[in-house]
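Worksheet for the structure shown next.
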Amino acid sequence: MPRIIVLGSINMDLVVTADRFPGPGETIAGDAFRTFSGGKGANQAVAAARMGAKVAFVGAVGADAFGADLVAGMAAEGIDTAAVATIPGVATGTALITVAQGENCIVVVAGANAAVDGAAAAGLVGPGDRIVAQLEVPVAAIASAFAAARSAGAETLLNAAPAQPEVRDLLPLTDILIVNETELDLIAGWLGASGDGVAARARALIAAGPSTVVVTLGAAGLVAVTAAATVELGGHRVVPVDTTGAGDCFVGTLAAGLGSGTGLADALETANAAAALSVQKPGAAPSMPRAEDVRAFLS
Ligand code: ATP
């Protein structure tokens, strides 16, 4: 069975809720504190594993309790964590999130994620595999892993989030690019690529390398383009509870679907349904649906 190798970030999200945000220098009492596993890479790996794919995660944590907990959590999802590096003297990636009055204030510390190295991914990937990356780990690591993956006969999927201009270096090594509308517009701007409408702007990116560009449109679904074809799928009508991680659910499920050999159109349909299910539950990784949930939703 071909594997999905996810090269990406893993964070501990530390979430406090309070009546209001503290001002500079102020201490206030909060209501509740919870921890959640996070990081786009880890979320996408969980989404793919819950769809039944064979998944290996390549990332880095610090030699601390958060790191150990996160790796154990991934292993409990059936994900191969042998290539997660433990970096001495560096903290595991963290996101400090304060929620008050329906808004978020977030400080992210990349920590060990900044030390992720592409060599571990290059050593894992084989013919027929798919490698999936996002932009929360160093671009140089992704570039070396994608180049090795291509030489090994694997397919490369890039979720260019959060968007940054260095993505230009990765596009020639990318087979399938997945972005939301904001990321599409930023990247098109950096490349000087223009077009009237989402599909035209997406197709303009094909000249930079990817053979397929998928643009997620939130509740409105998605548009995917290749040089020859356009697929548009409307979003499923659901009542969203928490859209955090919808994009990660979409990417992980898409990679799993492509790995199961059903083709792009079917994989897009499954990912669109899985992501619609994920927005109906709170949290990111905990809201990722399982293959049977998606089948039931689509039947
Ligand atoms: P996030 O940063 O919140 O994870 P994103 O901006 O990367 O999200 P979106 O385009 O918002 O990604 O959503 C990804 C996919 O999730 C959409 O293409 C769609 O399939 C699904 N989705 C998101 N929001 C909704 C919604 N309100 N109703 C139905 N499906 C949704």
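These numbers come from a predicted model, not from an experiment. Numbering of ligands and ligand atoms starts at 1, following listing order.
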Polar side chain donor-acceptor pair, T92 to D64, under 3.5 angstrom: yes

Do any N/O atoms on L222 end up under 3.5 angstrom from N/O atoms on ligand 1? no

Begin with the C-alpha distance, continue with both residues' side-chain angles, and end with the deciding distance and a verdict on side chain to side chain contact (heavy atoms under 4.5 Å, CB included) for I4 and V6. CA-CA 6 Å; I4 311 288; V6 180; 4.0 Å; yes

Heavy-atom contacts with H236 under 4.0 Å: which atoms of ligand 1 show up? List them by number with element. 28 (N), 29 (C)

Which of the atoms in ligand 1, numbered in the order shown and given with their element, are less than 4.0 Å from a heavy-atom of N272? 19 (C), 20 (O)

Nearest protein heavy atom with distance in Å, relative to atom 2 (O) of ligand 1: K40 NZ, 4.8 Å

Contact atoms of ligand 1, heavy-atom distance to G245 under 4.0 Å: 4 (O)

For atom 3 (O) of ligand 1, the protein heavy atom that lies nearest, with its residue and separation: T243 O, 3.1 Å

Protein heavy atom at shortest distance from atom 12 (O) of ligand 1: T216 OG1, 3.5 Å

Partner residues of R3 under the side-chain contact (heavy atoms from CB on, under 4.5 Å) criterion, sequence neighbours left out: I5, K54, A56, D80, L124, D129

Does ligand 1 have a heavy atom under 4.0 Å from the side chain of V238, from its backbone, from both, or from neither? side chain

For A161, is the nearest heavy atom under 4.0 Å from an atom of ligand 1? no

Side chains of Q44 and D248: do they bring a donor and an acceptor to under 3.5 Å? yes

Could you tell me the residue and atom name of the protein heavy atom closest to atom 1 (P) of ligand 1, and the distance to it rounded to 0.1 Å? G247 N, 3.9 Å

Can you tell me which residue and heavy atom of the protein come closest to atom 26 (C) of ligand 1, and the distance to 0.1 Å? A219 CA, 3.5 Å

Test log, rule side chain to side chain contact (heavy atoms under 4.5 Å, CB included), inputs V61 and I87: CA-CA 6 Å; V61 294; I87 314 286; over 6 Å; no

Short check: is a protein heavy atom less than 4.0 Å from atom 30 (N) of ligand 1? yes

Can you figure out which of G218, A276, A246 has its heavy atom closest to atom 19 (C) of ligand 1? G218

What about T244: any of its N or O atoms under 3.5 Å from an N or O on ligand 1? no

the protein heavy atom lying closest to atom 21 (C) of ligand 1 turns out to be A275 CB, 3.4 Å

Verify, without hydrogens or angle tests, whether S9 (side chain) and K40 (backbone) share a donor-acceptor contact under 3.5 angstrom. yes

Atom CG of D196 with >12 non-hydrogen neighbours under 6.0 angstrom: no

Among D248, L217, N180, which one puts a heavy atom closest to atom 6 (O) of ligand 1? N180

Between the side chain of N113 and the main-chain N/O of I10, is any donor-acceptor distance below 3.5 Å? yes

Considering only NZ, NE, NH1 and NH2 on the basic side and carboxylate oxygens on the acidic side, decide whether D242 and K281 come within less than 4.0 Å. no

List ligand 1 atoms under 4.0 Å from G221, heavy atoms only on the residue side. 17 (C), 18 (O)

Examine the side chains of R295 and T270 and answer whether a donor and an acceptor come within less than 3.5 Å of each other. no

Polar side chain donor-acceptor pair, D175 to S211, under 3.5 angstrom: no

Applying a heavy-atom cut-off of 4.0 Å, say which part of R237 lies close to ligand 1: side chain, backbone, both or neither. neither

